[in-house]
Asker: 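Sharing a structure with you now.
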Amino acid sequence: MSPLRFPTVPRPEVSVVMVAYGGLAWTERALRALLDHTAPVYELIVVDNPAGDGTAELLTREVQGATLLLNSANVGFSAACNQGAAHARGRHLAFLNNDLFVHPGWLPPLLAILETDRTVAAVGPCFLNLDGSLQEAGAMLSRSGAPYEYGCEDDPGRPQYRFPRTVDYLAGACLLVRRSAFCATGGFDPVFGLGYYEDADLCLRLAAAGYRTVYEPRSVVTHVRGGSGASIRETGALQALVLRNQALFEERWRPLLAVRPFPPLAGNPRRILAARDVPAEARFLVVSPGFPGPGSATWVLLEGLRHEHPRAQVTLAAVDEPGERPETGQLLALGVEVEVRRDTWDGWSAWFAERRFHYDAVYGAVPAFDELIRRTQPQTFTA
Amino acid sequence: MERVAFGQAGESLGPRIGVWGTFDLAHYGDLLFPRIFEREILRRLPLAAVLPYAPLGHLHPVALDGGLPADPLGPWEPARRAALAAELDFVAVGGGELLHLDDEACRFFVDGLGPELEAACPIAWQAVGAPRAFTPEEAMRVREALATKVWIAVRDEITRERLLATGTDREIDVVPDPTLLPDLFPADVLARRLRFLRTMGWYPVDRPPLVLQGSAAIARHAPGFAEAVRAVLGELGHPPLVLIETSPCHGDGAFLDALVPELRGPVHRMPAAVALEDVAAALANARAFAGSSLHGSLTALSHGVPFVIANLAGAARLDGFARLTGQQDVLIHRTAELPDALRRAVAPDRPAALRSVLARLLPRVAAGFDRLAGLAEQAWIARAERGARPGLPAMARELAAARERQRDLLRDRETLRARLVEERLRFAEIVDALEGAGGGSSEIAERAAELRSWVEILEARVAQADHGREQAEARLAGYERLLGTRMLRGAARLQRLLARLRRGGP
């Protein structure tokens, strides 16, 4: 295996903090992906929580140009991240798991958001499983504090997973955080022990400080999940840890969770949608008798809504042949959710039923939708 | 909590205020200054933009800057000075011993922008320190620099005396270092960082420690320092020892390297690579602090923690601080003085004395910022009038008030909207159930099953809470029995614990 020589960058834009706890089988691959797919604008800080599987030895032997912090005991994910962050000189921190492989071009879309929008403090990518299925397109919370990974096991190519949006939180396995905000809010909280819920807690603290957490699907990573933290699973302590931390988390954030849907979210499309759009300050539905072309009135309306309401959820429901168009990507990049179906009552009926009472305003006119909108979005009609 | 946001480059409806200092060094006190400055100025001038500058700035990033690097001042050349004067309405130079006349990097701090440019962009000195007396040549230069400053505030009498000794006829005010201000960091942030320090084994979990610090300048005193600490540890109840570095750039690590073997016992050593919040948390939760760091003592004082000022290298700033705060009895110049100073520092009457010091000094810090904000606003108004925009300041004040009102309205709106969204979701589920969408009675049965599992979760939590209460009651009963014994009847600490338990606390 050739050594992993990381670049020496005097003034890094990003400080990558990778916490390793076991996961020997994936660590070298994760580091190689970082090295191969990231322009030299970063410094690497690796924190090893010893798992006795040879990961520390691998890091010492093979990694050059990085700051290696070898702990003598497992201090947990939160403390290890904080420990690494204390060495960081970049404007932003990128927390990466050692069982996570970044794809080419993963970093620039994330950086672009932080650089252009000062209201955003954390941004993260689309997570894929090893088999290419979707692992998570941002995460959301139910009233009990239980997390729900949006799109888990689904096709990552579906439009609802391909537009950037404000989310409740993002997994700490790959999370880019504005360093000043991270420090100002005190970093990850070690109260969560060895792991679980610290990422959600951080994102909610950032939100309490006035920041947003944004999901950016143009950045893609593959996450093994379970490739690190192996001994927690082996001892069977995982479930106890998750329950303990969920209780801590729910108690701390109860007032905020009170406006989330009741669990379970899985299998309930309406609740999933409601949880997904909780962070949105408004929800707009734009209906169109055909897929709008650039420059059309509907297109201009969509651009205008996104510009005037950057924190709103904007959905386009267009009656047209389904399928990808060149313009689809443009709208998704703008942050518009795109739903295109044929002119069939059954297809649209179920879609609107799932979104009963969901929108604040409906724009556009599609005669076939009049009854559906009257029945499912009566709140958008003014007296 | 407030967001600290440097460099609001697009903001043009308020003064653009440069704050200049050595904010590119790994130094706790220096890096605190721009944050405090921005917070205090924005409280007074909400639309101001505060822009920190340091000799190298972000060209020399340090981890301790917390992701808020300064911009580089650059070389003291006409073009650069002109650019800064055009960019800024007002400049405050501050936060440390900046009057190093033999250091070209500090040229901006002393000579400013030059008299002509300072007519358009005034410069004030705030909490500046002079490390030593000036030579005749330096005195002339300082006198000329003082002549053009719109306000001169130094952090101690010694610096004031040194400036007056240059022959200046300017008024020199003494304004305490703003590190004294309370709540520099939110309490929950300090609590979180303390948990982090304890998790890492860098801070004790059981008892407040004696926190020690020193720089390379006093490393040769480490053996005597350690001996003095050992001499008094028993009297203090053998508190744990925590070693911190407040100024890695001044070789604090070298002092600790020399100290550790001399202490001859277990210590908690915090590494150099920690956050500003970690240093603050370590000091805020200490039994006492003994060290050569001025800002270490300032932070201790602001949290009511006793301290000893270890001025083993004869630094003027430490003598000046002791004089300003009236804490000469805990100022030492020899390690042999440390034990007595520590005894005095932890005496029972010390906390009240420290509160009294703060009560006396904090209004002066606040007044200093009031003065700076006023000067900055005047400078900005003057520039606006010169630029034929005399109405701008009044408009900006109205805008600031409107933004404040808007923030309140948005907050109210968010609260109402959250409730509205939640109710709409509930209505949707009720309507679905009533319409029998997707199966009618099976939908209702599914909803009932969901509600049942939610009830089970809540019942489990209630049982957990009941169990906790039973355990607390059992402990209370145990303490009651113990209190019946002669040995513990008089234990004041246990009495307080019992009182707390009776009130139903943890």
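Letters go in sequence order (proteins before strands), and every chain restarts at 1.
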Asker: Please classify the contact of A/A181 with chain B as side chain, backbone, both or neither, using a heavy-atom distance under 4.5 Å.
Answerer: neither
Asker: Under a 4.5 Å cutoff for heavy-atom pairs, which residue among B/G201, B/G67, B/A275 has the most contacts with chain A?
Answerer: B/G67
Asker: Check whether B/R417 gets within reach of chain A through its side chain, its backbone, both or neither, counting any heavy atom under 4.5 Å.
Answerer: side chain
Asker: Among A/D189, A/V278, A/V259, A/V75, which residue forms the greatest number of heavy-atom pairs with chain B at distances under 4.5 Å?
Answerer: A/D189
Asker: Provide the closest heavy-atom pair for B/G66 versus A/C183 in the form atom of the first, atom of the second, distance.
Answerer: CA-SG, 3.9 Å
Asker: Does a side-chain N-to-carboxylate-O contact under 4.0 Å join A/R271 and B/E429?
Answerer: yes
Asker: Counting only heavy atoms closer than 4.5 Å, note whether A/A121 contacts chain B via side chain, backbone, both or neither.
Answerer: neither
Asker: Provide the closest heavy-atom pair for A/A184 versus B/V189 in the form atom of the first, atom of the second, distance.
Answerer: O-CG2, 3.4 Å
Asker: How long is the span from the CZ atom in B/R195 to the CZ atom in A/F192, to the nearest 0.5 Å?
Answerer: 8.5 Å
Asker: For residues B/H58 and A/R11, report the shortest heavy-atom separation together with the two atoms involved.
Answerer: O-CD, 3.2 Å
Asker: Below 4.5 Å, heavy atoms only, C-beta onward: do B/R193 and A/N82 meet side chain to side chain?
Answerer: yes
Asker: Looking only at non-hydrogen atoms, find the nearest pair between A/P10 and B/P61 and report the distance.
Answerer: O-CG, 3.9 Å
Asker: Heavy-atom cut-off 4.5 Å, strictly under: side chain, backbone, both or neither for A/A274 against chain B?
Answerer: side chain
Asker: Please confirm whether the backbone N or O of B/A63 pairs with a side-chain atom of A/R89, one donor and one acceptor, at under 3.5 Å?
Answerer: no
Asker: Looking at A/R270 and B/D432, is there a salt bridge between them, counting it only when a charged N and a carboxylate O are closer than 4.0 Å?
Answerer: yes
Asker: Roughly how far, to the nearest 0.5 Å, is the CD atom of A/Q379 from the CZ atom of B/F427?
Answerer: 11.5 Å
Asker: Check whether B/R198 gets within reach of chain A through its side chain, its backbone, both or neither, counting any heavy atom under 4.5 Å.
Answerer: neither
Asker: Inspect the contact between A/D360 and B/R424 and indicate whether a charged nitrogen and a carboxylate oxygen are less than 4.0 angstrom apart.
Answerer: yes
Asker: If we only count heavy atoms from C-beta on, is the B/V274 to A/Q83 side-chain gap below 4.5 Å?
Answerer: no
Asker: Please examine the side chains of B/R192 and A/P190, heavy atoms only from C-beta on, and report whether any two atoms are closer than 4.5 Å.
Answerer: yes
Asker: Is the closest side-chain heavy-atom distance between A/R91 and B/L68 below 4.5 Å?
Answerer: no
Asker: Measuring heavy-atom distances to chain B, does A/H358 have an atom under 4.5 Å in its side chain, in its backbone, in both, or in neither?
Answerer: backbone
Asker: Which answer fits A/R283, side chain, backbone, both or neither, if we ask what part of it has an atom under 4.5 Å from a heavy atom of chain B?
Answerer: both
